[in-house]
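Notes follow the structure.
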Amino acid sequence: MAKKITDKVTWVGKIDWELKEFHGNEYSTNKGSSYNSYLIRDKKTVLIDTVWQPYDKEFVSRLKQEIDLKEIDYIIANHGEIDHSGALPELLREIPNTPVYCTAKGAQILKAHYHEDWNFVTVKTGDTLDIGENKLIFVEAPMLHWPDSMFTYMTGENILFSNDAFGQHFATESLYNDLVDNSELYAEAIKYYANILTPFSALVIKKIHEVLGFNLPVDLICPSHGIIWKENPTQIVEQYLKWADNYQENQITIIYDTMWNATRKMAEAIAEGILEADKSVTVKLFNSSKEDKNDIITEVFRSKAVLLGSPTVNNGYLHSLGGLIEMMKGLKFKKKSAAAFGSYGWSGEVVKQLTEEIEKCGFKVVDEGHRSLWVPDEAELSVCKEYGKEFISKL
Ligand code: FEO
């Protein structure tokens with residue numbers, strides 16, 4: 001159902017309560033998501049973004065209930081990824097000559113996805129589109145998070161249509177930030193930042209300062225996923241500046257996998273040692289084979305240090321650690337420290353292997369890690385505890 005946001009702007013997107021995986025299986029969307037599309041009715045009529053392809057027919061048929069499609073003068077494609085462009089083929093079959101405004105990269109990406117020669121109009125930062133009483137100002141935002149990404153600002157209503165930036169995978173019928181549980185909202189917003197935007201943090205800071213430099217008033221930030229920032233809308237901009245600045249809390253995260261609990265016992269003893277040495281630090285433990293990978297990544301994002309643990313199995317570490325290590329390499333966390341631990345029976349090379357991987361993740365290696373032979377007894381658990389104390393003393 002369409003939802004009126006202002007006299008001139010209506011939300012016409014899709015709330016996807018069922019979505020549990022996004023980007024294939026790369027991102028868990030336990031709280032669903034939404035694909036936000038916005039219809040602007042000024043003297044000209046403009047549609048900003050569409051929805052994911054499985055909902056294309058539903059989207060177009062609901063849009064027809066809201067407006068005669070022939071009245072749409074312009075389509076703005078802020079981003080070519082299919083969760084926002086997926087309904088363009090269905091829509092443009094009905095109104096084929098409608099201009100599609102996007103960046104030059106956006107036109108390339110849309111052509112490469114849909115193999116259609118639509119009426120593309122490419123725009124750059126500072127270009128404007130007169131829509132009657134108001135105008136739209138385009139701001140390129142390359143690599144936030146694709147090369148084609150773009151923001152669109154609407155004057156008069158003072159709305160920033162920020163596409164993926166400032167979004168959250170959070171299905172809710174309540175459209176605005178002041179109508180939802182803010183702890184839930186921020187849990188999804190930080191997960192989204194940690195898992196998607198971390199590698200682009202330097203660009204986030206640069207782009208935010210560039211946009212702030214335009215001195216445009218902002219009454220609403222309308223992202224393409226989740227809620228609209230209405231109450232103190234720039235709070236999320238300020239939060240992004242903090243997250244982008246090598247964010248960390250006084251937290252140490254211990255991530256381990258275990259076959260017969262020896263490495264788990266080590267993890268718990270190390271955690272005990274850390275807390276004995278410093279009661280102010282938050283220590284969290286996760287068995288990587290049992291916890292949501294994206295929630296673990298979010299905890300890594302919040303941490304100043306990380307410990308990775310695995311037993312040695314077939315001369316390597318357990319596979320659940322492998323996936324997380326690949327994710328951490330790609331996300332390029334900065335200014336975090338780490339070390340490895342694990343139990344072993346004979347060859348025992350995993351701690352050395354994990355330490356090498358930690359370095360490839362860009363973490364500062366604190367020390368050479370700690371190994372326990374077979375199942376740790378009380379004496380060995382005391383050694384693990386001491387290792388935890390030493391680890392935190394070296395941070
Ligand atoms: Fe980059 Fe929501 O798509």
Side-chain angles (χ1 to χ4, degrees), residues 11-38 47-56 58-59 75-91 100-114 138-152 160-172 175 185 188-201 203-204 207-208 221-229 236 240 243-244 294 297-298 327 330-332:
W11 178 93
V12 289
K14 170 70 188 171
I15 299 168
D16 191 346
W17 291 93
E18 289 189 359
L19 190 78
K20 296 298 162 210
E21 291 173 346
F22 190 73
H23 286 161
N25 182 30
E26 192 63 15
Y27 189 112
S28 60
T29 46
N30 301 323
K31 292 211 157 50
S33 192
S34 66
Y35 320 107
N36 297 337
S37 169
Y38 301 96
L47 182 74
I48 298 192
D49 294 322
T50 67
V51 302
W52 188 30
Q53 184 275 328
Y55 298 107
D56 60 352
E58 178 181 330
F59 170 75
I75 295 168
I76 313 293
N78 275 330
H79 178 31
E81 197 165 7
I82 60 167
D83 48 330
H84 310 298
S85 66
L88 281 176
E90 187 70 17
L91 180 63
V100 178
Y101 283 70
C102 59
T103 61
K105 277 278 178 208
Q108 279 176 20
I109 287 171
L110 288 168
K111 282 179 194 169
H113 274 69
Y114 302 110
F138 302 107
V139 181
E140 294 167 278
M143 297 318 295
L144 296 178
H145 68 127
W146 271 20
D148 67 317
S149 298
M150 172 172 90
F151 304 157
T152 300
L160 180 67
F161 297 97
S162 60
N163 197 264
D164 282 328
F166 313 123
Q168 339 82 46
H169 288 301
F170 184 26
T172 170
L175 203 53
L185 168 60
E188 292 307 318
I190 194 172
K191 177 179 173 181
Y192 188 96
Y193 191 96
N195 283 272
I196 297 177
L197 289 164
T198 298
F200 312 116
S201 286
L203 293 171
V204 168
K207 184 54 59 180
I208 287 176
I221 295 178
C222 293
S224 54
H225 298 289
I227 57 84
I228 291 169
W229 300 92
I236 189 63
Y240 263 44
W243 287 338
N294 302 102
I297 289 291
T298 309
M327 290 173 82
L331 289 168
K332 300 182 177 65

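Whatever order the structure lists them in is the order used to number ligands and atoms, beginning at 1. Below, all heavy atoms of this structure are taken into account, side chains as well, without hydrogens, waters or symmetry copies. Index from 1, following the sequence.
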(request) Assess whether side chain to side chain contact (heavy atoms under 4.5 Å, CB included) is satisfied between Val204 and Leu144, documenting all intermediate values. (result) CA-CA 7 Å; Val204 168; Leu144 296 178; 3.5 Å; yes
(message) Run the side chain to side chain contact (heavy atoms under 4.5 Å, CB included) test against Gln108 and tell me which residues pass, sequence neighbours left out.
(response)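 Partners of Gln108 under the side chain to side chain contact (heavy atoms under 4.5 Å, CB included) test: Lys105.
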(message) List the residues meeting side chain to side chain contact (heavy atoms under 4.5 Å, CB included) with Asn36, not counting sequence neighbours, and say none if there are none.
(response)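 In terms of side chain to side chain contact (heavy atoms under 4.5 Å, CB included), with neighbours along the sequence ignored, Asn36 is linked to Trp11, Ser34, Tyr38.
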(message) Any heavy-atom pair between the side chains of Trp146 and Thr103 that's under 4.5 Å?
(response)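 Side-chain contact under 4.5 Å: no.
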(request) Kindly determine whether Ser224 and Asn78 satisfy side chain to side chain contact (heavy atoms under 4.5 Å, CB included), including the steps that lead there. (result) CA-CA 9 Å; Ser224 54; Asn78 275 330; over 6 Å; no
(request) Identify which protein N/O/S atoms are less than 2.8 Å from atom 1 (Fe) of ligand 1. (result)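 N, O, S partners closer than 2.8 Å: His79 NE2, Glu81 OE1, His145 NE2, Asp164 OD2.
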Donor-acceptor pairs are to be reported for all side-chain atoms of residues 15-23 against protein atoms at under 3.5 Å, with residues two or more places apart or in another chain.
unit_1, atom_1, unit_2, atom_2, d
Asp16, OD1, Glu18, N, 3.3
Asp16, OD1, Leu19, N, 3.2
Asp16, OD1, Tyr55, OH, 3.1
Asp16, OD2, Tyr35, OH, 2.6
Asp16, OD2, Tyr55, OH, 3.4
Lys20, NZ, Asn30, O, 3.0
His23, NE2, Glu81, OE2, 2.9

